[in-house]
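Structure, as structure tokens:
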Amino acid sequence: MATGIKDKVAILGMGCSKFGERWDAGSPELMKEAFEEALADAGIERKQIEAAWFGCWGDGINVGNSSIPAAMALRLEGIPVSRVENMCATGTEALRGAVYAVASGAVDIALAIGAEKLKDTGFGGLPPPFKGTFNDMWMPMGSAPAGFAQLAPYYRAKYGTSKEDLKKAISHVSWKSHQNGVHSPKAHFQKAVSMETIMNAPMISDPLGLFDCSGVSDGSACAIVTTPEIAKAMGKKDLVTVKALQLSTSSGRETQTNDWDGSYVATTRVAAARAYKEAGISDPKKEISLSEVHDCFSITELVTMEDLGFSDDGRAVFDILDGRYDRDGAIPCQIDGGLKCFGHPIGASGLRMAYEVYNQLLGQAGERQLSSPSVGLTHNLGGVPYQGIAAISILGLH
Amino acid sequence: MAEFGISAFGAYVPKLRIDRAIIADAHKWAVPSLRGAAKGSRAFTSWDEDAITMAVEAARDALGAGDAIGVKAVRLASTNLPYADLQNAAIVARAIGAPESVASTDAAGSQRAGTSALLQALKGGEPALVIGSDNPFGKPASAQELGFGAGAAAFLVSDEKVAARLIGSATITNVFVDHFRSADAGNDYNWEERWVRDEGYAKIVPAAVSAALADAQLAIGDIQHFVMPSYLRGAADAVAKKLKFAGAVASGLEDGIGYAGAAHALLMLASVLETAEPGDRILLVGFGQGADALIFQATDAIKDARPARGVSGAIADALPTDSYLRLLSFYNGIQMEWGMRSEKSAKTALTEQYRSAGQLEGFNAGKCGACGTVQFPQLQYCVRCQAPSEQFENVSLRDDEATVLTSTADWLSYHPAPPLWVGFVEFAAGARVMMEMVDIGKDGIDTGAKLHMVYRIKEKDRQRDYNRYFWKATPIGAD
């Protein structure tokens with residue numbers, strides 16, 4: 001009988017590069033920044049790492065495929081390095097590989113590193129992906145905002161939400177993240193923006209305006225994991241352990257049948273239910289201190305609050321406007337600015353979320369520090385709401 | 001001998017229309033005289049339409065819903081076939097669900113390709129589907145640009161439910177070069193209109209008509225409808241006068257369509273058949289390197305043979321547009337800056353295309369033999385019950401009733417006709433498919449709107465000049 005991952009693995013150290021338009025750095029330089037911080041935080045030497053997982057999405061615009069670029073950049077001599085890719089959930093997938101390696105007893109210390117260099121494309125967006133030889137022959141090639149914007153009409157129809165209320169709520173989502181980004185020195189955007197500016201920004205894909213979309217950023221984030229026993233033996237006092245790590249991938253039910261009504265993300269709900277079970281959480285509203293969720297678009301964060309059970313179905317609009325997820329609210333969300341302001345270098349994002357939760361739990365989040373959080377959740381979503389990968393981690397004090 | 005002739009017919013005209021005055025207005029700085037001829041509107045093909053896609057739509061109008069299982073041959077006539085070496089008619093045949101045993105040929109190279117293909121099929125005595133489909137390009141600021149249009153007409157010839165019999169015909173072949181276009185050229189080179197009128201139409205057509213009347217043992221007075229296409233305005237009236245024809249000269253369909261190349265004679269014939277009475281005799285002319293003359297007589301079955309849409313329905317189903325540059329861009333007359341997103345390779349794996357042909361060509365969803373779920377695409381196992389696909393039954397979504405579940409206008413993605421409209425479509429059969437939506441009117445499209453499927457270019461591989469074709473959804477009755 002599987003017993004799950006709870007408390008089997010501790011985070012020994014984490015690192016995160018400065019996110020943003022890093023004209024000065026490619027993926028190897030970004031990885032170096034995150035890696036060195038993590039090594040120092042863990043208090044280990046490079047040679048103590050026994051296995052590594054490298055997460056990177058866009059090999060066509062980045063360092064090329066395979067794990068070799070990471071092994072070369074960090075001089076990970078002789079150890080197994082695996083390359084993982086799971087769209088925007090890639091970062092959490094890399095963490096999952098390292099955590100499972102330690103939990104299995106195969107290695108004592110493992111590294112997870114995610115990196116993405118998105119600003120070497122020559123334009124201000126993501127290159128359109130190849131969807132496969134068969135899919136490219138029939139599937140329309142819509143952009144990411146077009147995919148996520150489709151949540152809005154379904155959500156409004158299901159709960160009778162007015163266009164105005166929904167726009168106000170999703171604008172508040174971005175407003176709150178910008179407020180938080182001010183206190184994140186490594187964030188891509190560190191400027192507060194008024195509700196008025198957000199609500200009146202140019203439309204990208206109705207109802208998503210410019211400020212409803214996350215940034216296109218360069219960055220890297222990294223975690224070094226081990227067992228709680230080894231961490232203690234190494235002199236770590238406060239330990240952050242992995243309480244749950246769950247993934248759910250679409251098998252086509254949302255896109256091919258009429259089972260799904262379009263107002264939520266099915267994979268998030270499945271992954272959340274499994275994660276809460278694994279972590280032994282029965283009431284997420286009370287037991288989760290903070291969350292870092294996949295706010296690639298403001299509407300995604302809104303439905304995610306319901307998918308994670310933080311808001312009752314149909315109530316996220318009101319909870320958001322009540323400030324429930326603001327920094328002084330009941331369950332602060334995106335305390336570091338989120339994808340919206342910290343930035344979204346695809347392969348690094350899942351690890352960046354874990355980095356913030358880890359620092360918050362250890363009380364080392366500087367100006368952003370919340371008062372005594374004990375359990376944090378990261379939610380990392382790849383693909384589109386109807387065809388994607390939801391990856392959830394729950395981290396807590398040991 | 002069993003009666004043989006036209007059993008069914010149908011038409012398609014691109015929804016996109018533009019007032020000729022808008023075209024003339026764009027050129028007035030250089031050619032102010034165009035304004036005089038700029039009357040009415042013309043049709044033009046969207047970026048994702050061509051002779052193949054229009055032919056499929058005309059054929060579907062002629063044949064009605066369902067696979068074209070009874071069609072033994074498909075003949076596609078056009079002077080603007082997308083492929084020089086890759087049979088265009090075969091692509092049409094597969095899209096309409098004709099059986100693999102179907103014969104298929106392209107007919108090209110002349111403005112009378114449509115009438116010649118029809119004549120050949122009628123004389124062949126074997127059931128066949130003849131389609132004329134064309135979208136000729138007129139050089140900017142030319143009289144052709146104003147006069148040209150686009151469209152397709154399809155005729156099923158067989159010995160069942162014959163609605164119009166061929167009762168006489170004749171052909172003249174010569175090398176009268178009123179215009180020409182070399183295999184590599186983008187547009188026509190035209191000789192003086194007065195010569196074309198006087199030495200061409202006025203002499204060659206009457207000679208062919210006389211021979212056809214003799215073949216039918218009729219006189220011109222026995223004919224009720226004179227159908228003669230021409231890109232020269234008034235040419236048909238002049239020839240009718242010369243023939244001392246006193247009946248109805250068929251409309252040249254100038255308003256709403258425009259001269260549609262090798263398809264035009266067939267479009268005009270389809271238009272006349274829509275209102276012809278039993279017993280009416282129709283004289284059809286095709287002109288180009290000589291002339292074809294075909295004489296038909298409508299039977300009692302004509303009244304039941306009228307298609308769902310037809311030429312009149314297709315003309316009425318219009319989406320007026322107001323940008324001349326849109327037309328020019330769709331016909332590759334200007335090269336727009338589409339941004340770096342357009343640089344993505346659109347290379348088609350021809351191996352995969354052939355493996356998946358059953359799904360892509362006829363839009364065949366799979367109906368699960370275990371739980372009954374209809375699903376597209378057909379993958380290895382049922383999306384609902386995981387039963388293996390070996391027991392799926394093909395269910396074409398091509399003619400199924402469909403509605404919009406959701407849609408969004410995407411201005412970010414590269415699309416040759418921005419915005420890209422994309423959303424989930426729900427079919428009466430139960431399938432849900434993410435689809436591109438096309439020919440959207442100015443008011444957009446709402447959840448619940450009724451859709452029908454159209455065969456279109458899914459993507460153009462501009463690097464290798466290869467089109468991927470697939471089905472898209474279009475709102476019924478958008479304007």
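Computed from heavy atoms alone, side chains included, the values below leave out hydrogens, waters and symmetry copies. This is a predicted model, so every value here is computed, not measured. Letters A, B, ... mirror the listed sequences (proteins, then strands); counts begin at 1.
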In Å, rounded to the nearest 0.5 Å, how long is the span from CZ of B:Phe424 to CD of A:Gln150?
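Taking CZ in B:Phe424 and CD in A:Gln150, the distance rounds to 6.5 Å.
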(Q) Nearest 0.5 Å, please: how far is CG in A:Leu151 from OG1 in B:Thr406? (A)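 One finds 9.0 Å between OG1 of B:Thr406 and CG of A:Leu151.
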Heavy-atom pairs under 4.5 Å with chain B - which of A:Thr121, A:Thr255, A:Asp259, A:Ile204 has more of them than the others?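 It is A:Thr255.
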If you count heavy-atom pairs under 4.5 Å with chain B, which of A:Ser205, A:Pro128, A:Pro145 comes out on top?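 Greatest number of close heavy-atom pairs with chain B: A:Pro128.
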Does the [X] side chain pair with the main chain of [Y], one donor and one acceptor, at a distance under 3.5 Å?
X	Y	answer
B:Glu459	A:Met137	no
B:Arg355	A:Phe134	no
B:Arg432	A:Thr257	yes
B:Ser413	A:Ser143	yes
A:Arg253	B:Arg384	yes

Tell me, side chain or backbone of [X] under 4.5 Å from chain B's heavy atoms, or both, or neither?
X	answer
A:Phe123	both
A:Glu254	backbone
A:Pro127	neither

### Task
State which residue, out of B:Leu379, B:Val374, B:Thr373, fulfils the side-chain contact (heavy atoms from CB on, under 4.5 Å) condition with A:Gln256.
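Among B:Leu379, B:Val374, B:Thr373, the one that satisfies the side-chain contact (heavy atoms from CB on, under 4.5 Å) with A:Gln256 is B:Leu379.
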| field | Smallest separation among heavy atoms of B:Lys458 and A:Asp136, with atom names | value |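 Heavy atoms of B:Lys458 and A:Asp136 come nearest at NZ-O, 3.2 Å.
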If I compare all heavy atoms of A:Ala146 with all of B:Thr408, which pair ends up nearest, and what's the gap?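 Closest heavy-atom pair between A:Ala146 and B:Thr408: O-CG2, 3.3 Å.
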message: I want to know whether B:Phe376 and A:Trp138 have ring centres closer than 6.0 Å.
response: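 Yes, the ring of B:Phe376 comes within the 6.0 Å limit of the ring of A:Trp138, centre to centre.
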Check your understanding: Below 4.5 Å, heavy atoms only, C-beta onward: do A:Met141 and B:His415 meet side chain to side chain?
Key ->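 They are not in contact (no side-chain heavy atoms under 4.5 Å apart), so the answer is no.
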Does any non-hydrogen side-chain atom of A:Tyr154 lie less than 4.5 Å from one of B:Leu405?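 In short, these two side chains touch, coming nearer than 4.5 Å.
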| said: Under a 4.5 Å cutoff for heavy-atom pairs, which residue among B:Lys344, B:Glu436, B:Lys347 has the most contacts with chain A? | reply: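 Winner by heavy-atom pair count: B:Lys344.
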